[in-house]
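The first residue in the sequence is number 1, and the count goes up from there. Because the structure is predicted, anything quoted here is derived from the model rather than measured.
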Amino acid sequence: MLSKYDKESSFRQDTGKWYWVIAFIAISLTTFHLFRALPAFGGPLVSILQGAVHLGTALGLIFLLYPIRRGGIKKKGVPWYDVILAFLAMGSSYYIIFRYDWITGGARIMGFTTFDIIVATIAIVLLLEATRRAVGVPIVVVGILGILYGLYGTNIPYFGHGGFDWEGLSRRLFYSTDAIFGTPIQISSTYIYLFLFFGVMLTKTGVGQYFNDLAFGATGRFTGGTAKAAVAASAMQGTLTGSSVANTVSSGSFTIPMMKRAKFRPEFSAAAEASASTGGQIMPPIMGAAAFIMADYVSTHTYGDIIIIGIIPALLYFTGVFMGTHFEAKRFGITGLPKSELPSSKGLLKRADLLLPLIIIVSMLVSGFTPTYAALAGIGTAFLVSMSRRDTRMGFRDLLDAFEQGARVALPVIAACATAGIIVGIVVFTGLGGRIAGGLLGMAGDNLFLLMFFTMIACILLGMGLPTTANYVVTASMAAPALIAYGVPEISAHFFVFYFGIVADITPPVCLAAYAGAGIAKANPMRAGVTAFKLAIAAFIIPYIFVYNPALLFVDAQLGTVVYLVITAVLGMAAVSGVMMNYFVYSFRWYERLLLFVAGIMLIYPENLTIEGSGFVLFIIIGAVQWFRKRRESKETAKS
């Protein structure tokens with residue numbers, strides 16, 4: 001199922017005699033990152049050297065693991081041409097290490113040689129091909145279009161600027177720290193890799209299953225308990241995986257059948273899992289690994305600030321999804337699970353130490369420690385926790401397997417970050433970001449709502465088919481500048497584009513997470529996508545709220561203001577969610593549905609107490625009318 005819907009999981013199942021080579025390279029890559037994270041071993045290398053080892057080794061593994069076509073995953077062994085491509089990809093990146101003094105010295109004065117340009121060309125082509133294999137076509141298409149713009153952009157009216165020759169463009173892309181080895185790959189080679197390995201260590205300790213049990217123990221007994229538990233479990237797991245589709249499949253293989261057995265519709269079961277798994281990407285502290293890049297892009301906030309700022313929007317999102325599942329369950333009379341089918345509180349408490357690695361890592365991040373130290377502490381704690389139980393205790397072979405899995409999990413992220421670096425480089429070299437911002441501002445005129453709407457559409461289109469980190473890098477480079485140029489606070493602009501890039505995974509027609517869930521639920525994919533869109537309607541509302549009211553992101557905020565905004569946002573989402581799921585206190589009459597939608601929009605209207613107050617009154621009136629009608633019809637039914 002993963003290999004069908006998730007490009008990142010379409011790797012060879014049987015590599016034959018090359019297994020040991022792949023294992024050795026993968027274990028070596030993880031070992032390199034762990035040792036270079038320790039100050040005792042000198043810390044990270046110079047950024048371009050660290051990136052060259054990081055990217056070159058990953059590209060070699062990708063060609064050894066990912067076939068040229070999806071059907072090749074079932075064939076045994078590794079074809080000779082992929083072996084050649086693997087060592088070519090490694091060699092072209094390692095070339096920077098061997099020629100570092102020349103690249104940073106003589107080449108700047110005397111000019112790059114023809115051979116330097118040939119190596120750069122090979123490296124760029126192989127990077128794009130490796131990204132196509134491990135990540136997918138969309139980001140490669142954007143990268144190629146960026147390169148073409150850099151070469152021939154002068155011919156494009158208004159947006160034209162490019163006009164580099166290939167020698168000039170290729171050396172800027174490959175031999176500088178502004179493109180392929182720019183911010184995304186630098187952060188990937190220091191922070192992201194360690195946190196992905198941390199996620200692998202958590203899996204080895206059984207934390208994923210504990211998340212499921214914890215979610216079912218907390219919510220399973222309530223109305224629609226199976227769906228609510230699926231939402232809670234996916235929220236906890238999704239922040240670590242960095243992939244909406246992978247989380248949908250891994251969690252959904254367990255939660256979707258349970259929801260169907262509880263009598264939820266197949267398309268709703270798929271949608272609930274997809275919307276929750278997608279929302280995991282916006283859940284602190286990891287936020288699909290995009291939080292690290294955001295902390296570097298947003299000059300006014302640290303990583304610790306980012307995860308604190310992200311808590312309220314994420315909780316609002318999942319509150320909206322919870323409301324949708326509740327209204328769906330009420331509409332069809334679906335109750336919770338019996339106590340006998342739920343994990344016991346005593347059993348959950350006995351395994352509470354499994355949360356210790358997460359507690360350690362979050363505490364250190366909030367306390368101001370660097371992500372590197374926090375990740376190392378989390379990894380070490382996860383290892384110690386694993387030793388406390390016989391079924392999770394890690395021997396030497398288990399540890400080697402974790403090292404190998406750490407590299408495998410990171411491969412798509414590394415390729416995506418490097419290709420996203422090409423896009424960022426083109427935007428910087430050519431000034432394309434400013435031109436896109438100018439175009440969006442020109443279309444919107446002086447209307448902030450129109451600017452946000454056009455930016456939202458651009459982010460959803462740019463985000464379709466991209467993994468979380470690359471998604472954010474692209475949208476932050478190409479869409480966020482328009483909002484910032486208008487005067488929107490930098491942190492609000494970046495959260496806005498981040499949210500809308502992420503929800504592309506559940507926005508029809510290209511709703512990959514919903515399609516994956518539909519495959520498990522045996523549901524119509526498009527219906528599942530539309531239902532996921534309805535469930536996740538909060539994600540389409542919240543970004544507008546924190547642009548109009550930056551206090552929701554703690555920008556110049558007072559506690560009373562934040563509490564008020566949260567309350568009105570929750571009530572507004574409850575109204576809109578009820579409309580979307582076609583149930584509130586009771587079944588709708590058509591005019592009630594229309595009025596409740598209006599009430600929901602009024603409740604989240606920015607900085608207008610009259611409109612918000614009127615929305616609240618309308619909200620209460622409709623709820624009361626439905627409650628009295630429900631009570632009256634229940635009495636009539638009882639009499640008959």
Would you find more than 12 non-hydrogen atoms of other residues, nucleotides or ligands less than 6.0 Å from [X] atom [atom1]?
| X | atom1 | answer |
| --- | --- | --- |
| Phe454 | CZ | yes |
| Tyr544 | OH | yes |
| Tyr373 | OH | no |

If you take all heavy atoms of [X] and [Y], which pair is closest and at what distance?
| X | Y | value |
| --- | --- | --- |
| Ser275 | Ala532 | CB-O, 4.2 Å |
| Met478 | Ile436 | O-CG2, 3.2 Å |
| Leu194 | Ala375 | CB-CB, 3.7 Å |
| Ser492 | Pro550 | OG-CB, 3.8 Å |
| Gly529 | Ala514 | CA-CB, 3.6 Å |
| Ala215 | Ala232 | CB-CB, 3.7 Å |

Cut-off 3.5 Å, side chains only: do [X] and [Y] have a donor facing an acceptor?
| X | Y | value |
| --- | --- | --- |
| Gln281 | Thr468 | yes |
| Tyr193 | Thr30 | yes |
| Ser188 | His54 | yes |
| Thr131 | Thr419 | yes |
| Glu612 | Tyr564 | yes |

So do [Y] and [X] actually touch side chain to side chain, heavy atoms under 4.5 Å?
| X | Y | answer |
| --- | --- | --- |
| Val555 | Asn549 | no |
| Val473 | Thr183 | no |
| Asp213 | Arg351 | yes |
| Val231 | Phe322 | yes |
| Val385 | Leu354 | yes |
| Pro313 | Ile282 | no |
| Ser388 | Asp353 | yes |
| Phe198 | Leu358 | yes |

Verdict with supporting geometry, Thr302 and Asp305, side-chain hydrogen bond (donor to acceptor under 3.5 Å, both in side chains): CA-CA 5 Å; Thr302 65; Asp305 296 333; 3.1 Å; yes
Audit row: Thr226, Thr219, side-chain contact (heavy atoms from CB on, under 4.5 Å) steps and yes/no: CA-CA 8 Å; Thr226 51; Thr219 64; over 6 Å; no
Indicate the ring-plane relationship of [X] and [Y], choosing parallel, tilted or perpendicular according to the 30° and 60° boundaries.
| X | Y | result |
| --- | --- | --- |
| Phe619 | Phe616 | parallel |
| Tyr297 | His494 | perpendicular |
| Phe546 | Tyr499 | perpendicular |

Donor-acceptor contact present, side-chain Lys228 to main-chain Thr325, <3.5 Å: no
Any donor-acceptor pair under 3.5 Å from Thr381 side chain to Pro357 backbone: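 Flag not set: sc Thr381 to bb Pro357 has no pair under 3.5 Å.
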ring-ring contact (aromatic ring centres under 6.0 Å, His included) partners of Phe254, counting only residues at least two apart: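 Testing Phe254 for ring-ring contact (aromatic ring centres under 6.0 Å, His included), a comparison that skips the adjacent residues, returns Phe216.
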Matching residue for Met573 among Ile542, Leu603, Ile604 - test: side chain to side chain contact (heavy atoms under 4.5 Å, CB included):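 Going through Ile542, Leu603, Ile604 one by one, the side chain to side chain contact (heavy atoms under 4.5 Å, CB included) with Met573 is satisfied by Ile542 alone.
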